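Because the structure is a prediction, the values reported are computed rather than measured.
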Amino acid sequence: CPFFLILLIEFIFHRNMKNIYFEFLIGGFFMHKKLFISFAIIYVMLLGAYPLLEPDETRYVTMARDMFTSGNYLTLYLNGEYFFEKPPLFFWLESLSFWFFKDISEFTARFPVVILSLLPLGLLFSLSEKVKNQKFAFLNSAILLTTLEYVLITKIAMLDSVLTSLVSSSVLCYFFTFFVSEENKKYFWYSCYILMGLAVLAKGIPGVVIPAGTILAGTIIFRTYKETLKNMPVGIVLFLIIALPWHIIMLLKHGSLFFNEYIIKHHLMRFLGAEVIHRNEPVYFYFVTLLWGLFPWIFSLLSSLRKPRKFNLENGYDKFLVLNITAILVILVFFSCSGAKLITYILPVYPFFAVLIGHIWYERSIKKFMVIVAVMTILGGFASPFGYKLDYSFGQNDLMQFAKMAKDNNYTISTYKTGKKYSLLYYSGLKNVEFQTGENPEWLRNELCRKNNYLIVRNKEIKDLPVNTEIVKQGVKYSI
């Protein structure tokens, strides 16, 4: 159904495209049949055919479900407790999807993330076409669509996917200001700041640092100080109108509790040190990530390093390449300097790498290129869901089965030394699950005595249970 729906949308756009501004943003991408088919196969088909992934999808979709069912669209809750780690835009989008489809499911959870991913793809296509031609636009967009980490992560319902779409779109709008007519520049400047504000509402500080850092570096390199300053006042006002209200309301409502948890702990401390989330990685972590994340295009990128290129900043095409290199460096430096590192943080860098790789492939065999795109399209659309399902076999299948048992029998759930597994929350429909992550024999005895309650433990912890404990079902990794 979604596959044929998106076909219908494409047909309508192709026949009736009149709005020039909309065509700038996304029309050209839709009108290129090969790109459209690749997008539909990779992102839309089988979108709801596999369960939510631990830990991010299960955690954040559970929070969105609770927001939607409670009607509280300001304060976030997780497992019945305040959740001040993240801003609310992702959860608003999820709630909108639940309302639109009148359903809470894997498909409706992932749908808004996938739709939003069209924005940077459309902008990248339109801008590349304007800078050079449609062949260059096709190469860049196809490369982005078939880059391994981008394919795997941007169709998962998680905050980094939303941040990536908004941040990269904001930066691309800034790039547009170098290539559009003088009277249209302000619209792309304003779009840049609006998307920056939305990116802050998606994930906080990175939403402003990456676009602002790229603008600052681009202004210095190309000496466009006057133009940047001219559009800054209105841009900052637009940014603040979007980014500030929720933060002010939360500060007024929750005071120092919100300030200390959201701003100090999960923004400043998280950047300065990894202790907050225990993700301490070396400074070269993201360079290693790119070696597999850019597959299969990493080989052509590495081979091109043997042939350094001189750039003429007066030439529009060279200017575009330098802008993309600038964005890559800003993103890599920012996240490499951060104390906390995760492979998903680096996602915004891929649209800009796609341009550099597209430049490399421009003079190469288009037939060979299309074979690679076709193979990655098939793998991305059909093989990746099976890859996700393989991941479930290492314990998540147990948790989903136990959660449904609790739901069917109207039981509560508690866990002992399993870590916080949010599959139990989402698939049981419970508002709260008791997670005991450390050693606590007294708590364990009390939980085993509770009526209508299932206790879940790892199989290797069964030896710690009293001898008269009934094992209802033993799974691959967990028992109930």
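Geometrically, K341 does not engage F285 in a cation-pi contact defined by less than 6.0 Å to the ring centre and at most 45° from the axis.
Side-chain contact between Y50 and Y392: present, with at least one pair of heavy atoms (C-beta onward) separated by less than 4.5 Å. Residues L52 and I156 fail the side-chain proximity criterion, which asks for heavy atoms closer than 4.5 Å. Using a 4.5 Å heavy-atom threshold, the side chains of P120 and T164 count as separate. Contact of the F84 side chain with the L76 side chain is not registered, since no non-hydrogen atoms from C-beta on lie closer than 4.5 Å. Taking the side chain as every heavy atom from C-beta outward, I357 and L294 approach each other to under 4.5 Å. The shortest distance between side-chain heavy atoms of V349 and L290 falls below 4.5 Å. You'll find the side chain of V208 reaches within 4.5 Å of the side chain of F239, heavy atoms only. You'll find the side chain of L313 stays beyond 4.5 Å of the side chain of K319, heavy atoms only.
Side chain of R59 to main chain of Y422: no donor-acceptor pair is present (N/O by atom type, distance under 3.5 Å, no hydrogens or angles). Checked by atom type and distance alone, the side chain of K155 pairs as donor or acceptor with a backbone atom of I42 at under 3.5 Å. Distance alone, capped at 3.5 Å, places no donor-acceptor pair between the Q134 side chain and the S128 backbone. Checking side-chain atoms of Y43 against main-chain N and O of S117 turns up no donor-acceptor pair under 3.5 Å. Listed for the W297 side chain is no donor-acceptor partner under 3.5 Å among the backbone atoms of A354. Judged by distance alone, the side chain of K135 and the main-chain N or O of Y362 form a donor-acceptor pair under 3.5 Å. In this structure, S336 contributes its side chain and V333 its backbone to no donor-acceptor pair below 3.5 Å. At distances below 3.5 Å, not a single donor-acceptor pair connects side-chain atoms of D160 with backbone N or O atoms of Y345. Of the possible donor and acceptor atoms, none in the side chain of N140 sits under 3.5 Å from a partner among the backbone N and O of L124. For the pair S303 (side chain) and S300 (backbone), a donor-acceptor distance under 3.5 Å is present.
Atom CZ of F100 is surrounded by 12 or fewer heavy atoms from other residues, nucleotides or ligands within 6.0 Å. Other residues, nucleotides and ligands contribute only 12 or fewer heavy atoms inside 6.0 Å of the NZ atom of K368. The environment of E183 atom CD is dense: over 12 non-hydrogen atoms of other residues, nucleotides or ligands sit within 6.0 angstrom. Other residues, nucleotides and ligands contribute at most 12 non-hydrogen atoms within 6.0 Å of the NZ atom of K420. Residue-environment remark: CZ (R364) exceeds the threshold of 12 foreign heavy atoms within 6.0 Å.
Across all their heavy atoms, P348 and V167 have their closest contact at CB-CG1, 4.2 Å. Residues A157 and V61 approach most closely at CB-CG2, 3.9 Å, considering heavy atoms. The two residues V200 and P87 make their nearest non-hydrogen contact at O-CG, 3.3 Å. In this structure, L46 and G381 approach most closely via the heavy-atom pair CD1-O, 3.5 Å.
The ring-ring contact (aromatic ring centres under 6.0 Å, His included) contacts involving residues 203-231 comprise F178-F222, where partners must be two or more places apart or lie in separate chains.
A search for salt bridge (charged side-chain N to carboxylate O under 4.0 Å, His left out) contacts involving D391 returns nothing, not counting sequence neighbours. Scored by the side chain to side chain contact (heavy atoms under 4.5 Å, CB included) test, W292 finds L148, E149, T289, I343 as partners (sequence neighbours excluded). Checked against ring-ring contact (aromatic ring centres under 6.0 Å, His included), F287 has no partners two or more places apart in sequence or in another chain. Every residue two or more places apart in sequence or in another chain was checked for a salt bridge (charged side-chain N to carboxylate O under 4.0 Å, His left out) with E54, and none qualifies. Not a single ring-ring contact (aromatic ring centres under 6.0 Å, His included) links Y286 to another residue, sequence neighbours left out. Under the rule for a side chain to side chain contact (heavy atoms under 4.5 Å, CB included), the partners of L216 that lie at least two apart in sequence or sit in another chain are I220. Residues meeting the salt bridge (charged side-chain N to carboxylate O under 4.0 Å, His left out) test with R306, sequence neighbours left out: none. The side chain to side chain contact (heavy atoms under 4.5 Å, CB included) test applied to E182 returns K185, K230, not counting sequence neighbours. Listed by chain and number, the residues in a salt bridge (charged side-chain N to carboxylate O under 4.0 Å, His left out) with R65 amount to none (sequence neighbours excluded).
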| query | Passes side-chain hydrogen bond (donor to acceptor under 3.5 Å, both in side chains), S161 versus T154? Steps please. | reply | CA-CA 5 Å; S161 302; T154 52; 5.9 Å; no
Check: Hey, mind stepping through D318 and R309 against salt bridge (Lys or Arg N to Asp or Glu O under 4.0 Å) and telling me if it holds?
Finding: CA-CA 10 Å; D318 280 10; R309 173 191 173 95; 2.3 Å; yes
With ring-ring contact (aromatic ring centres under 6.0 Å, His included) as the test, would you mind laying out the steps for F101 and F111 before giving the verdict?
CA-CA 10 Å; F101 288 102; F111 183 79; 5.0 Å; yes
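Not less than 6.0 angstrom separates the ring centroid of F83 from the ring centroid of Y77. Here F176 and W189 keep their ring centres 6.0 angstrom or further from each other.
Checked against H359 for a ring-ring contact (aromatic ring centres under 6.0 Å, His included), the options Y317, F311, F352 give a single hit: Y317. Checking each of H247, E85, K86 against Y262 for a side-chain hydrogen bond (donor to acceptor under 3.5 Å, both in side chains) leaves exactly one that passes, namely H247.
The distance from atom CG of D66 to atom CG of L78, rounded to the nearest 0.5 Å, is 8.5 Å. Considering CG of L424 and OH of Y427, their distance stands at 11.5 Å, rounded to 0.5 Å. Taking CE from M196 and OG from S191, the interatomic distance works out to 11.5 Å, rounded to the nearest 0.5 Å. If you take OG1 on T146 and CE on M376, they are separated by 6.0 Å, rounding to the nearest 0.5 Å. Rounded to the nearest 0.5 Å, atoms OG (S304) and CD1 (I360) are 3.0 Å apart. Remark: L139 CG to W361 CH2 distance equals 9.5 Å, nearest 0.5 Å.
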Pairs of donor and acceptor atoms involving the side chains of residues 89-99, under 3.5 Å and at least two apart or interchain, shall be tabulated with distances.
| residue | atom | partner | partner atom | Å |
| --- | --- | --- | --- | --- |
| W92 | NE1 | Y73 | O | 2.7 |
| S95 | OG | F91 | O | 2.9 |
| S97 | OG | T108 | O | 2.6 |

Please list every donor-acceptor pair under 3.5 Å in which a side-chain atom of residues 320-330 meets a protein atom from a residue at least two apart or in another chain.
| residue | atom | partner | partner atom | Å |
| --- | --- | --- | --- | --- |
| N324 | ND2 | F320 | O | 2.7 |
| T326 | OG1 | V322 | O | 2.8 |

